[in-house]
Structures are given as structure tokens and as C-alpha cells.
Amino acid sequence: MMTIQQPDGGAGTHPGIARLALDVYLPHLDRFFDYSIPDRLAQQVQLGCRVRARIAGRMANGFVVGLPARAEVDKLSPLDRVISPEPVLLAQQVPLLRAVADHYAGTFADVMRLAVPPRHAATEAAEQNPWPAPDARDVPGGGLTEVDDGRRFLDAVGQSRPVRAHWCALPRWRSDESGLDDWTRGFVQAVGAAVGAGHGALVIVPDVDRVRRMRDVLRAVLGPGCVAELHSELGPAARYRNYLAVSRGQARVLVGTRGASYAPVHDLGVICLWDDGDDLLSEPRAPYPHARDVAALRATQESCALLFGSYARTAEMQAWVSTGWLVPLGLAPARTRRLAPPVRAAVDSDIDLQRDPMAAAARVPKEAFETIRTGLLSGPVLVQVPRAGYLVALSCQRCRTPVRCPTCGGPVGADRLGAGQRRLTCRWCGRSLNNWSCPVCGSRELRAPVVGSQRTAEELGRAFPSFRLVSSSAQKVVDQVGTTPALVVATPGAEPRPEAGYSAAVLLDAGLMLTRADLRAAEESYRRWLTVVSLVRSGDHGGTVSVVGPAEERTVQALVRLDPAGFAERELSDRQAAGFPPAVRMVAVEADEKTLADFRSVVEWPSDAQELGPVPIADSTPGSTEQLWRLMVRIDRTMGGELIVAARRALSIRSARKRPGAVRVRVDPIELF
DNA sequence: AGCACGCCGACT
DNA sequence: GTCGGCGTGCTC
């Protein structure tokens with residue numbers, strides 16, 4: 001190796017160099033910058049510490065990501081100050097933040113802001129509480145030990161092997177005194193295996209409620225006080241305190257919401273992520289990363305085990321399973337059916353024909369009515385009704401097939417032209433559809449969207465006047481119900497947790513849920529339904545579930561069969577055929593009309609990319625007056641990287657040229673409509 | 001030739 | 001937002 005003579009500074013000391021990641025959100029300045037370290041700061045500068053420096057004509061905060069021997073350029077500006085010597089952006093996080101930024105066509109600074117919580121000086125100065133080391137003594141049974149290959153997976157985690165799996169958890173209420181969900185058992189088993197091998201562990205869940213539940217289970221098993229939590233409801237001090245416990249290597253087990261995916265748990269043995277289909281795991285701030293992808297990137301980079309778990313399986317998980325990147329864990333449907341509550345389909349078109357006047361008055365098929373009546377004899381009964389007021393997709397009147405654009409396969413909406421006239425246009429490419437006819441059954445009639453489940457709930461309450469009626473929805477969520485019989489009506493996601501499981505559940509208006517205006521409507525409905533099933537006692541403890549809707553529909557069928565893997569396979573192959581994510585990589589570009597035109601004049605998409613639109617869209621950000629337009633671009637998944645690089649390059653060029661107007665780029669947007 | 005000014009691009 | 005490099009064009 002060649003030795004390069006460094007110019008000697010005369011006194012024999014060289015000014016140190018600090019390589020910084022700065023809070024600069026301009027895409028064309030998305031890289032590290034070197035600064036000289038003035039003598040007065042030399043003692044404080046640490047790798048990973050928070051600093052301030054002048055860049056691009058203003059001061060910016062940032063972190064030290066390197067202390068190189070030589071700078072990339074000759075003339076260096078000096079660091080302005082060291083905000084704190086505490087290392088908070090650790091070396092292991094740097095490639096992760098870079099990879100996430102690159103995957104989402106975003107900047108390092110954008111992701112850095114999501115990863116490191118704001119500093120809380122008093123907390124940093126305070127004496128650190130002792131964090132006992134975790135001790136996996138009494139790991140509960142059930143969970144992963146009950147499914148095929150589950151034990152092998154746990155053994156591999158215990159041997160520090162970077163195994164990866166998707167686990168379909170058993171959807172039923174576990175009727176033992178512990179009250180633990182099956183999935184929390186499986187997760188604590190995986191964490192226990194990693195901890196037993198001397199590693200740290202990270203558990204990501206969609207919301208704070210589940211953070212607390214998972215935290216309590218982990219503490220009960222691994223010892224009190226050894227588990228840290230990270231989520232937005234903590235407040236600045238607790239949030240920073242817990243982050244420091246992790247970054248200082250004190251807390252070895254962390255459970256948190258999506259932001260915790262980046263937390264610098266030392267020597268990770270396993271990452272567990274629950275319910276990737278929950279849209280709370282998708283970050284609403286730029287560059288809109290999904291915790292599922294962050295976890296996947298991180299597990300690869302840090303060579304740790306990865307466990308995804310959910311009741312239903314998303315098409316994204318299925319795509320990874322189908323390539324062998326993830327091992328599928330679970331039970332064959334026949335075995336699941338023996339352990340879970342039985343699910344039966346009741347057809348809602350029979351309502352008007354039925355004899356039972358009470359059932360008819362409540363607008364519920366007789367079988368579902370009987371499910372409720374019988375269930376109320378032994379405990380609370382859950383009735384899930386679709387949320388009122390969501391957009392309904394246009395579908396065929398006869399066979400309910402959703403209307404899709406014949407050119408690009410995108411979703412179709414109806415624009416009112418006045419005088420009762422309406423025009424069908426594609427929401428992606430903007431083309432008008434003339435003389436639509438259903439490609440499946442040939443019908444020319446469109447289904448008129450109907451809503452009105454809330455009324456059904458009220459009528460149900462009147463049909464069972466002697467029972468307590470509990471109503472839970474997004475406006476007023478009821479957390480828990482007891483063991484006494486009660487009729488519990490809830491919208492998806494607002495189901496109260498039963499103390500000892502529901503004795504029965506009824507899923508109303510399945511057809512309505514399936515026609516929601518989103519290409520993921522079937523997958524999302526299936527996920528919501530299995531969540532309800534998971535709250536119901538198993539068949540041998542008297543639990544039953546009725547789904548009211550089109551019994552022949554394949555999502556309803558997959559529910560009756562309790563076959564999430566089979567459903568996911570079908571869903572993925574449908575998306576492959578239709579050209580939807582995850583079979584393709586999709587990029588949505590949103591801006592006002594002029595800005596979007598400017599972006600398009602700059603961007604050079606790969607030749608295989610297909611541009612759809614632009615089309616005007618309803619503005620989701622309140623307060624803005626400008627009409628937003630959206631361009632969709634898609635490409636085969638294998639060329640997804642080139643698509644993202646092209647978008648990213650265009651953003652850089654626009655920011656370097658100081659072009660006015662904001663452009664929002666989303667890679668694989670979570671809502672597809 | 002030498003300097004002032006202004007534009008444009010880079011920003012350590 | 002600010003700085004500096006470079007080209008233009010004016011002046012000595």
C-alpha cells in the first residue's frame with residue numbers, strides 16, 4: 001500500500017475532519033459533507049454526535065457519520081458547534097437510512113429525521129436508569145411452537161442464523177387463563193430465542209395499544225424493566241430517554257411503532273413485525289417508507305433473523321414467500337379449521353324472503369340472526385359493520401366484478417356531467433370508457449353504491465332489547481368488553497378486546513366492504529375479517545362466526561376455509577395479471593399541473609416504464625387551493641430500481657435548477673385508487 | 001490588460 | 001440564502 005505524505009501543519013497536529021449528514025432536504029445536496037474540526041471542539045466531537053454547521057448559506061443541524069483521515073475536497077469550512085457529544089446516530093444506522101432513502105426516491109435527511117428523535121437535554125444529562133439484562137426463562141407455549149416448522153425457525157434464531165419467515169398466526173381467542181394472543185406468544189418466543197443467544201431484539205407493531213400489550217408480555221417473560229418502548233405517545237422526554245437506553249446499549253429489547261424500525265438496537269438477533277397490512281405501518285411523511293420494507297432492508301444489512309406475522313397474508317408477503325426469500329409458517333387450512341371458530345357464510349339476498357320477522361326487521365339473514373341469539377347465551381357477541389361513508393368502487397350489477405380500465409387496468413370512477421349524465425373515466429390514465437360492458441358476464445348495468453350499515457346496527461339492538469348494546473367506532477372507540485353477554489357493534493379496527501373472547505361474531509355487509517374503492521379492498525377486507533375471527537373463542541369452546549354477503553365470492557370463500565396462504569397466492573397472481581403492485585413497481589408523482597409538467601419535461605423514465613395520466617386528483621392536504629395532478633408510472637418489478645433512480649434524478653435536477661413547486665413522489669403508494 | 005458587474009451553479 | 005467562478009464589456 002502506498003503511503004501518501006501529508007503536509008505537516010508545522011506544530012505537528014492536523015485539524016481533524018468530520019464527515020457530516022446534515023438536515024438539508026434539497027435532493028441535489030443529498031450526500032455527506034466534510035468540515036474541519038476547530039481545536040476548541042476537538043474534545044467533544046464523537047462519531048454519531050449532533051452538530052451544527054454552515055451549509056448552503058444557512059446553518060443546519062446534523063450528525064457526525066465519519067471521522068476520515070482525508071477530506072474529499074481541499075478547502076473545508078469549520079464546524080460551528082457540537083450540540084452534544086452523545087452518539088445518537090450510530091454507524092449501523094447510516095447504511096440503513098441510505099438504503100431506505102434510495103428505495104423511496106427520497107433523501108438521507110428525510111429518513112434521518114424519522115429515525116432520530118429530537119434531543120431532550122435534561123434527559124441526556126440525567127442519570128441513566130439501570131436496565132436489567134433480559135432473561136428468557138419461562139417462554140410460554142403455543143405461538144410458533146404449534147405450527148409446522150415453527151420450532152425449527154426458533155432453533156435457527158437461537159443459533160444466530162439469519163432466517164426469515166412469514167407466519168400466519170392462528171385466528172382464534174386462546175381460552176386459557178394467561179389471556180395472551182397467539183401472536184404475542186410467537187413473538188416473545190422469537191425474541192426469547194435471540195436474547196438467549198446473547199443478541200438484542202426489535203418488535204414493530206402498528207399502534208400504541210399493541211406496543212403496550214407486547215411490552216407487557218415481553219416484560220412478564222424476560223423480566224421487568226428490561227424492555228424499552230418507542231412510540232409517539234411517550235412525550236419528548238420519555239421518547240428520548242428510551243432511545244438513549246437503546247443507543248447506549250442498555251436496553252436490548254425494544255418494542256415500538258413504525259419509527260422504532262430504525263432504532264439502533266445493538267447486535268440485533270431478530271426483527272419481528274406484526275400485521276404488515278395495517279396502513280399505520282406506512283409513514284405519512286416523505287419519503288413515505290413502509291416499516292415492512294425498512295425491516296426487510298435492515299434484516300439483510302445486519303444479517304439478523306426476520307419474523308413477519310399476521311392473520312391474513314398480504315400480497316407483498318406472498319411475493320417474498322413465492323421467491324423463497326421468506327419461509328411460510330402456519331398450519332394447513334384443515335388444521336386451522338379444527339382449532340379456530342367455524343366460519344359460515346349467510347347470503348344477504350335471502351333477507352326479504354325469510355320467515356323470521358325479527359331477523360327480517362333487523363335486515364339480517366336468519367342464520368346470522370341465530371348466530372347472535374345463540375352467542376348471547378354464553379358471552380359477548382361482536383357485529384362488525386363497514387365504516388360509513390367510504391368511497392365505493394363501481395362494479396358490475398350482476399356479478400359484482402369491479403370496473404377496471406380496459407387500457408391500463410386502473411380503477412374507474414364516474415364523473416357527473418349534470419342533467420343525470422355521467423361519464424366513466426380511469427383514475428390512473430384518465431381515458432374515458434364508452435359503452436362499458438362487464439368482461440366477466442357481459443352485463444351493461446353498473447351497481448349503484450349503497451351505504452347504510454349503521455342503521456342495521458340500531459335495528460339489531462332493537463331486536464335484542466334485553467342485552468346491553470355497545471357501540472365502538474373511530475369517533476368513540478371502546479377498548480374492552482367483559483365476559484357478560486352484550487351485543488357489540490364495531491367498525492373495522494375499533495373492535496373492543498374481549499376479556500375472555502367473543503362467543504360469536506357476525507360480519508355484516510361483506511359485499512359492501514369488498515367493493516370499497518381501493519385495489520386492495522379484497523385483501524384489506526380479508527385482513528379485517530380474520531382479525532374479528534381472532535377475537536372469537538374456538539369451535540370447541542362454542543365460538544362461531546357468520547359472514548353476511550356474497551357466499552360464492554372468493555374472499556368470502558377463503559374466509560370460510562380459513563386459508564390465508566391460498567388467498568394470498570390468488571391475490572398475488574391476480575395482481576400479476578392486472579399489473580398492480582407488488583407484481584410491478586409503481587411510482588406516483590403528485591404536484592400542481594404546471595409543476596408536474598415541468599417534472600415531466602426533466603424526467604427520463606426507463607424505456608420499459610409505462611406512464612399513466614396525469615389526471616386531476618382530490619386534494620388530500622387541507623388548506624391548499626391548487627388542484628393536484630397525479631402521474632402513475634409502472635414497470636416490471638425487476639426494473640423497479642431504474643424507475644426510482646429516474647424519479648430521483650428528476651427531483652435533483654429540479655432542485656438544482658431551483659424550479660418552483662413541490663413534487664411528491666411515492667414508491668408503491670399504500671392506497672391504490 | 002485589468003477591472004466591475006452580473007449571471008449561474010454549487011453549496012464541504 | 002450566499003458565495004465564488006467565469007464571461008462580458010467597459011475603461012485605461
Side-chain angles (χ1 to χ4, degrees), chain A residues 4-11 13-85 87-91 93-99 101-102 105-113 115-116 119 286-287 591 594-595 597-604 645-663 665:
Chain A
I4 297 168
Q5 204 66 42
Q6 282 200 30
D8 196 71
T13 54
H14 307 290
I17 299 161
R19 185 156 291 166
L20 306 186
L22 291 163
D23 273 329
V24 178
Y25 301 107
L26 302 169
H28 68 288
L29 294 186
D30 183 21
R31 61 207 143 101
F32 302 146
F33 292 96
D34 292 343
Y35 286 77
S36 62
I37 304 171
D39 288 344
R40 66 187 160 86
L41 300 178
Q43 295 305 305
Q44 297 172 63
V45 173
Q46 300 273 340
L47 202 58
C49 78
R50 209 184 284 262
V51 295
R52 203 166 164 78
R54 188 176 180 80
I55 176 111
R58 42 149 63 94
M59 299 305 288
N61 287 336
F63 302 94
V64 176
V65 294
L67 293 165
R70 253 184 308 284
E72 286 170 345
V73 291
D74 297 333
K75 270 183 265 170
L76 299 182
S77 294
L79 260 186
D80 186 64
R81 65 194 188 98
V82 174
I83 292 172
S84 155
V88 282
L89 183 78
L90 303 198
Q93 292 173 287
V94 173
L96 177 65
L97 305 194
R98 186 67 265 165
D102 291 345
T107 62
F108 190 92
D110 277 333
V111 188
M112 189 166 76
R113 185 182 41 168
V116 186
R119 176 165 184 258
K594 262 179 126 168
T595 307
D598 181 59
F599 177 92
R600 291 182 76 197
S601 74
V602 162
V603 75
E604 284 177 44
V645 165
R648 188 41 229 266
R649 207 167 276 152
L651 290 174
S652 292
I653 292 169
R654 276 186 37 85
S655 88
R657 294 182 188 165
K658 296 201 206 334
R659 297 288 178 90
V663 178
V665 171

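Per chain, numbering begins at 1; letters A, B, ... match sequence-line order.
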Please tabulate, one pair per line, each protein N/O and nucleotide N/O from nucleotides 9-11 of chain B that are separated by under 3.5 Å, including the distance.
{"from": "dA10(B)", "atom 1": "N6", "to": "Lys658(A)", "atom 2": "NZ", "distance (Å)": "3.1"}
{"from": "dC11(B)", "atom 1": "OP2", "to": "Arg31(A)", "atom 2": "NH2", "distance (Å)": "3.0"}
{"from": "dC11(B)", "atom 1": "N4", "to": "His28(A)", "atom 2": "NE2", "distance (Å)": "3.3"}

Pick out the pairs of N or O atoms, protein on one side and nucleotides 5-7 of chain C on the other, that lie under 3.5 Å.
none

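Per the geometry, CZ belonging to Arg54(A) stands 6 Å off P belonging to dC3(C), to the nearest Å. In this structure, the CE atom of Met59(A) is 13 Å from the P atom of dT12(B), given to the nearest Å. Atom-to-atom, CZ of Arg659(A) to P of dC8(B) comes out at 12 Å; the value is rounded to the nearest Å.
Arg31(A) CZ to Glu72(A) CD: the interatomic distance, rounded to the nearest 0.5 Å, is 8.5 Å.
Other residues, nucleotides and ligands contribute more than 12 heavy atoms inside 6.0 Å of the CZ atom of Arg19(A).
Summarising the geometry of Ala662(A) relative to Thr595(A), their closest heavy-atom pair is O-CG2, 3.9 Å, with the distance given to 0.1 Å.
Within the cation-pi definition used here (under 6.0 Å to the ring centroid, within 45° of the axis), Arg54(A) does not qualify as a partner of Tyr35(A).
Between Asp34(A) and Arg70(A) there is no salt bridge, since none of the side-chain N atoms of the basic residue sits less than 4.0 Å from a carboxylate O of the acidic one.
Counting only heavy atoms from C-beta outward, the side chains of Ile17(A) and Leu67(A) never approach each other to under 4.5 Å.
Each of Leu47(A), Val64(A), Leu97(A) was scored for a side chain to side chain contact (heavy atoms under 4.5 Å, CB included) with Leu89(A), with one residue passing: Leu97(A).
Inspection of the Asp110(A) and Thr107(A) side chains reveals an N or O donor paired with an N or O acceptor under 3.5 Å.
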